[in-house]
Amino acid sequence: MYNVKSYSEIIRLRELEVIDSDVVVVGSGLAGLRAAIEAARTGGERLKVSVVTKTQPMRSHSVSAEGGTAAVLYPEEGDSFASHEWDTVKGSDFLADQDAVELFVREAPKEIIQLEHWGMPWARREDGRIAQRFFGGQSYPRACFAEDRVGFFEMSTLYSTCLKHDNITFYDEWFAFSVVKDNGHFAGFIALDIKRGDVALFRAKAGIIATGGAGRLYPFASFGHSSTPDGIVMAYRAGVPLKDMEFVQFHPTGLVPSGILITEASRGEGGVLRNSKGERFMERYAPKMKDLAPRDIVSRSILTEIKEGRGFRDEESGYEYVNLDLTVIDHEKLIKRLTSIREICLKLRGIDPLSEPVPIRPVAHYYMGGIDVDINGATALPGLWAAGEAACVTMNGANRLGSNSTTECLVWGKITGREAAKYALAHSEPDPPAESIVAEERRLFDILMGPAPSVDPYQVKSDLQNIMEQHFHAFRNEQSMEEGLRKLRRLKSEFRLGVVDKSRTYNTNLVNVLEVESMLEASEVIAAAALKRTESRGAHFRTDYPRRDDDAWLKHILVRRTADGFEFDYKPVIITKYMPAERVY
Ligand SMILES: Cc1cc2nc3c(=O)[nH]c(=O)nc-3n(C[C@H](O)[C@H](O)[C@H](O)COP(=O)(O)OP(=O)(O)OC[C@H]3O[C@@H](n4cnc5c(N)ncnc54)[C@H](O)[C@@H]3O)c2cc1C
């Protein structure tokens with residue numbers, strides 16, 4: 001193991017490595033892999049694609065997607081593009097940009113077939129065609145699936161397809177932390193090789209950020225621990241605004257006490273929610289769709305049941321919960337179609353859902369907001385695109401429908417891959433100024449060589465998560481959010497970048513500190529945007545403004561970083577056919 005002592009030693013030992021390619025993708029989840037394939041196919045032999053990822057690709061959060069991928073496959077049997085569009089727009093509480101939704105719906109079936117051609121083992125119906133199941137907020141069962149491991153199979157399919165392309169190179173366990181510019185254009189990313197502790201410039205003509213959602217900003221979360229907002233914040237620092245950040249999705253069914261997701265498909269297959277009186281309470285909140293109402297509505301209903309005393313209490317964790325009853329599902333079907341869910345319940349909770357209820361509570365699961373991009377996934381910085389959960393395109397508006405996200409990753413993975421490749425073919429090699437790169441490299445080595453931090457970054461992370469849980473959960477109000485924002489700012493001002501572990505190789509302490517820095521930045525943006533939006537819409541419910549206010553707030557909030565903080569900006573919602581209406585389920 002090598003210990004850093006001085007700058008001169010670093011400089012003597014090595015110079016900054018430059019890794020050249022035409023298109024560089026950061027992130028190897030569904031969006032990143034799909035983008036890499038499309039860039040490689042568009043450019044052919046003339047184009048080199050690099051994929052930089054802080055985990056091994058198959059450890060990306062996408063692997064844990066469970067329930068399904070939405071697309072209209074059988075219009076002749078009753079489903080239609082118009083129905084998928086309407087469900088998505090209504091689910092979004094009318095904040096989705098409808099041109100993006102239309103594009104999404106039309107491209108979705110092509111992606112399902114494309115994946116099939118690359119080897120995806122979709123579940124089948126009796127007649128041999130691809131099977132589909134119900135998800136929340138859907139008028140028709142349109143989630144394609146591979147039992148309850150859809151993400152794993154999609155990722156295996158895409159990863160093996162990537163490996164067949166000689167012009168795609170993977171850089172696993174590299175942590176990207178900065179966007180480099182050349183004359184107002186994208187010129188590359190700076191990344192740390194976690195394995196060796198070296199820093200390199202990934203110079204490229206075009207870049208795609210596909211780093212996933214803001215992740216574990218809450219203590220009870222369904223995300224993997226590597227899901228943090230570094231990619232989103234990297235774009236924000238480079239001057240690209242963030243959009244719709246106030247909208248955080250709480251999925252109704254996180255297993256108590258771990259937060260591991262129990263897929264919505266378990267209700268799609270017939271499971272029902274029950275309170276401590278055994279009542280199927282969703283009948284009262286959403287008489288028509290009941291347990292399959294959209295996530296924002298089901299989560300708030302669960303929390304209301306708990307608040308009104310009809311929940312249970314988990315003695316060990318202190319969490320209050322309600323039950324998900326899967327015993328009503330045909331046993332053979334449960335064993336076959338919800339194999340992993342049964343295994344999760346048996347292994348992590350010691351209960352068998354065939355005969356016992358599953359304790360659940362709403363869990364932080366998805367971020368509707370992210371890097372502001374146009375309908376082609378392009379950011380305001382020429383040469384830089386964003387796709388997947390890191391991006392806000394926006395087709396999810398104030399509330400995403402289940403099974404639309406994996407599809408979104410595929411659709412905009414493809415679009416951004418193609419657009420970035422075309423851009424790279426038409427532009428020459430960037431020549432970014434050395435100073436900004438050296439400054440960023442120095443920033444990293446300062447952290448490494450500077451004093452150990454006076455505040456424990458792991459404690460900061462845990463405090464941050466508790467503040468978000470207490471002040472920016474599914475129910476919000478001004479007084480509590482003001483207090484939460486004050487606490488976040490105090491935490492941020494006390495935080496010092498520094499590490500206890502001074503080693504170069506596999507310094508996860510260094511990586512974690514950079515992640516916490518980005519978590520502080522992203523939380524502040526979420527908090528400020530949530531305070532700004534004085535209405536209730538989708539996942540953002542304010543008890544002090546309980547109604548949707550289309551006159552004032554049928555618009556997106558953008559947050560742009562400035563020298564002394566940030567400023568707000570707004571974008572109108574694009575409406576093509578569906579006028580806002582009351583959202584009844
Ligand atoms: C438990 C769970 C179940 C889900 N089930 C479904 C479902 O059934 N259907 C559905 O539609 N959606 C589902 N979702 C949502 C969906 O899976 C995600 O929104 C989607 O997979 C995100 O994919 P992504 O490609 O944007 O990013 P991710 O899969 O999150 O990947 C992010 C990538 O970025 C890399 N990265 C991050 N930061 C850096 C950095 N600084 N430097 C380098 N690399 C970096 C990571 O290594 C990783 O490769 C589920 C989500 C969860 C958490």
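As the structure lists them, so they are numbered: ligands from 1, and atoms in each ligand from 1.
Closest to atom 9 (N) of ligand 1 among all protein heavy atoms lies Gly68 O, 2.8 Å.
A tilted orientation is assigned to the rings of Phe250 and His473, their planes being inclined by 30° to 60°. Relative orientation of the Phe223 and His365 rings is tilted, given thresholds of 30° and 60° on the angle between their planes. Between Trp174 and Tyr171, the angle of the ring planes goes over 60°, which puts this pair in the perpendicular group of the 30/60° scheme.
Residue contacts with ligand 1 for Thr69 are absent, since no atom lies close enough (heavy atoms, distance under 4.0 Å). The backbone and the side chain of Ser28 each have at least one atom closer than 4.0 Å to an atom of ligand 1 (non-hydrogen atoms only).
Note: no N/O pair closer than 3.5 Å links Ser64 and ligand 1 by distance alone. Residue Leu30 has at least one N or O atom closer than 3.5 Å to an N or O atom of ligand 1. The shortest N/O to N/O separation between Ser226 and ligand 1 does not fall below 3.5 Å. By the 3.5 Å distance cut-off applied to N or O atoms, Ser405 is counted among the residues near ligand 1. Taking only nitrogen or oxygen atoms, main chain and side chain alike, Gly67 reaches within less than 3.5 Å of ligand 1. Of the N or O atoms in Glu66, one or more lie within a sub-3.5 Å distance of an N or O in ligand 1. At least one N/O-N/O distance between Glu389 and ligand 1 falls below 3.5 Å. Between Ser60 and ligand 1, an N or O atom pair is found at a separation short of 3.5 Å. Considering backbone and side-chain atoms together, Ala176 places an N or O closer than 3.5 Å to an N or O of ligand 1. Taking any N or O of Gly402, backbone or side chain, none lies under 3.5 Å from an N or O belonging to ligand 1.
In the candidate list Ala143, Ala31, Gly27, Ala31 is nearest to atom 25 (O) of ligand 1, counting heavy atoms. In the candidate list Leu192, Leu158, Asp230, Thr211, Thr211 is nearest to atom 34 (O) of ligand 1, counting heavy atoms. With Ser62, Gly224, Ala386 as candidates, the residue nearest to atom 29 (O) of ligand 1 on a non-hydrogen basis is Ser62. Comparing heavy-atom distances from atom 10 (C) of ligand 1 across Leu33, Thr406, Leu514 singles out Thr406 as nearest. The closest heavy-atom contact to atom 14 (N) of ligand 1, among the options His61, His251, Arg400, Glu154, comes from Arg400.
Using a 4.0 angstrom heavy-atom cutoff, Phe177 does not count as in contact with ligand 1. Assignment of Gly231 to the shell around ligand 1 is not supported, since no heavy atom sits closer than 4.0 Å. Ligand 1 lies less than 4.0 angstrom from a heavy atom belonging to Asn404.
Stacking of Arg125 on the aromatic ring of Tyr74 is recorded, both the 6.0 Å distance cut-off and the 45° axial limit being met.
A side-chain donor-acceptor contact under 3.5 Å links Glu173 and Tyr506.
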